[in-house]
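Presented below is the structure to which this report refers.
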Amino acid sequence: MRKKRGYTRDIPKELVRDYRLFAIACEGSKTEPTYFGLFRHMSNRIAVDIIGEIVSDEEMLTKLSDKSAPKWVLDRAVKYIEKEGLSKEDSLWFVIDVDKWKFDQIKEIADYCDQNSNWNIVLSNPCFEIWLHFHSQQQKLNEKISCKQLKNLISNFDKGGYVASKFIPHLRNAVLNAKNADSNINFFFPSENETKVYQLGEAILTIIGSHFEEFINNVLPRLLNNNRSQRTKRK
C-alpha cells in the first residue's frame, strides 16, 4: 500500500510518507525506463513510477483502438492517476521526443500541463539520446543529426553499448551542460540538438541533495554487483 502524504487522525503514522513522487510517462520501452528506473534507488526522499510499467498496453487498448498520439500518452497518464493518485506535492512528467510528433500534438500535451501545476513536459530534439549526449559533452552538436546516428554515437560512450548505469553518475554534469545549451529557457519546445530533460533531473537533484553522492559511491556499485551475481546464477 502506497503511503499517504501528511498526517491526519484518519491516517496511521506508519502510512504517512515524507517523500515526493515523480510519475514519468515516456515513449520508449527500454532506453528511458532503464535510465529513470535507477532513480528509484537514489534516495528515500523520492519515489519514481514509470507509468508504462503500471498501466499496461492491454489496459489502454480497452479504451483506445490505436496508439494515437497524444491521446494515448495523455489517457495513459490519466489512467495512472486514477489507479495510483497524485497529490499536489507529487509531479507528473511527460518525457517525449519531437522526431515522431507534430508540433500541434506536442502543444496539446503542453497545454494540459499548463492547466495542472504539477504536470510537466520535457522534450528532446530530436530524441532522448540528445539528453544522454550531455552527460559527457558540454557543447551541443552543431550539425543536424538523426536519431539513428545519435544512438550510434551514444553507444560509443563506453564499451558494451548503451548501459544506463554508466550515464547516471554524470547526472549533475548533464543537467548543467543541457541547461547551458538551452537557447530559449522560457519556451517549452527545445531548439535542434537541445533538450529540456534537465528540468526533471534538476528537480530530483534539488530534493535528494547529498543523497546523490551516497547513491553513486555506495548504492549503485551494490546494485551492479547484485545484477552481475544474478546473471551469473542464471548461467
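Just so you know, residue 1 is the first one in the sequence shown, and it goes up from there.
- Not a single donor-acceptor pair under 3.5 Å links the side chain of Asp182 to the backbone N or O of Glu194.
- No more than 12 heavy atoms of other residues, nucleotides or ligands shown are found within 6.0 angstrom of CG on Asn142.
- Leu38 and Phe134 are not part of a single hydrophobic cluster, where members link through side-chain heavy atoms under 4.5 Å apart.
- In the hydrophobic clustering of ILVMFWY residues, with side-chain heavy atoms under 4.5 Å counting as a link, Ile208 and Leu220 come out together.
- A salt bridge does not link Glu89 to Arg20: none of the charged nitrogens lies less than 4.0 Å from a carboxylate oxygen.
- In this structure, the ring-ring contact (aromatic ring centres under 6.0 Å, His included) partners of Phe39, at least two apart in sequence or on a different chain, are Tyr35, Phe36.
- Residue-environment remark: NZ (Lys102) stays at or below the threshold of 12 foreign heavy atoms within 6.0 Å.
- Looking at Glu108 and Leu74, their side chains come closer than 4.5 Å, going by heavy atoms from C-beta outward.
- Here the CD1-CG distance, from Ile145 to Leu150, works out to 4.0 Å after rounding to the nearest 0.5 Å.
- With hydrogens and angles ignored, the 3.5 Å screen pairs a side-chain donor or acceptor of Asn193 with a backbone N or O of Leu141.
- One side chain, Gln149 or Ser146, offers a donor N or O that lies under 3.5 Å from an acceptor on the other.
- Between the OG atom of Ser124 and the CD atom of Glu32 there is a distance of 8.0 Å, given to the nearest 0.5 Å.
- Donor-acceptor pairing under 3.5 Å is lacking for the side chains of Ser155 and Asn152.
- Within 6.0 Å of the CZ atom in Phe188, the count of heavy atoms belonging to other residues, nucleotides or ligands exceeds 12.
- No donor-acceptor contact under 3.5 angstrom links the side chains of Asn217 and Glu213, judged on distance only.
- When hydrophobic clusters are built by joining Ile, Leu, Val, Met, Phe, Trp and Tyr residues whose side-chain heavy atoms come closer than 4.5 Å, directly or via intermediates, Tyr112 is grouped together with Val98.
- Taking hydrophobic clusters as Ile, Leu, Val, Met, Phe, Trp and Tyr residues chained together by side-chain heavy-atom distances below 4.5 Å, Leu176 does not share a cluster with Ile207.
- To the nearest 0.5 angstrom, Asp111 atom CG is 11.5 Å from Asn116 atom CG.
- We find the CD-CG distance between Gln199 and Asn120 to be 7.5 Å, quoted to the nearest 0.5 Å.
- Taken to the nearest 0.5 Å, the CG atom of Leu123 stands 8.5 Å off from the CD1 atom of Ile109.
- Transitive grouping of hydrophobic side chains (ILVMFWY, heavy atoms separated by less than 4.5 Å) keeps Ile130 and Phe189 in distinct clusters.
- Ile168 CD1 to Lys166 NZ: the interatomic distance, rounded to the nearest 0.5 Å, is 13.5 Å.
- Residues Asn44 and His211 form a side-chain contact, since some pair of their non-hydrogen atoms from C-beta on lies under 4.5 Å apart.
- Gln138 CD: 12 or fewer foreign heavy atoms inside a 6.0 Å radius.
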Query raised in the report: Given Ile154 and Thr31, is the side chain to side chain contact (heavy atoms under 4.5 Å, CB included) satisfied, shown in steps?
Result: CA-CA 11 Å; Ile154 294 305; Thr31 303; over 6 Å; no
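- Here the side chain of Lys196 pairs a donor or acceptor atom with the backbone of Phe187 at under 3.5 angstrom.
- Scored by the ring-ring contact (aromatic ring centres under 6.0 Å, His included) test, Phe167 finds His135, Phe157, Tyr162 as partners (sequence neighbours excluded).
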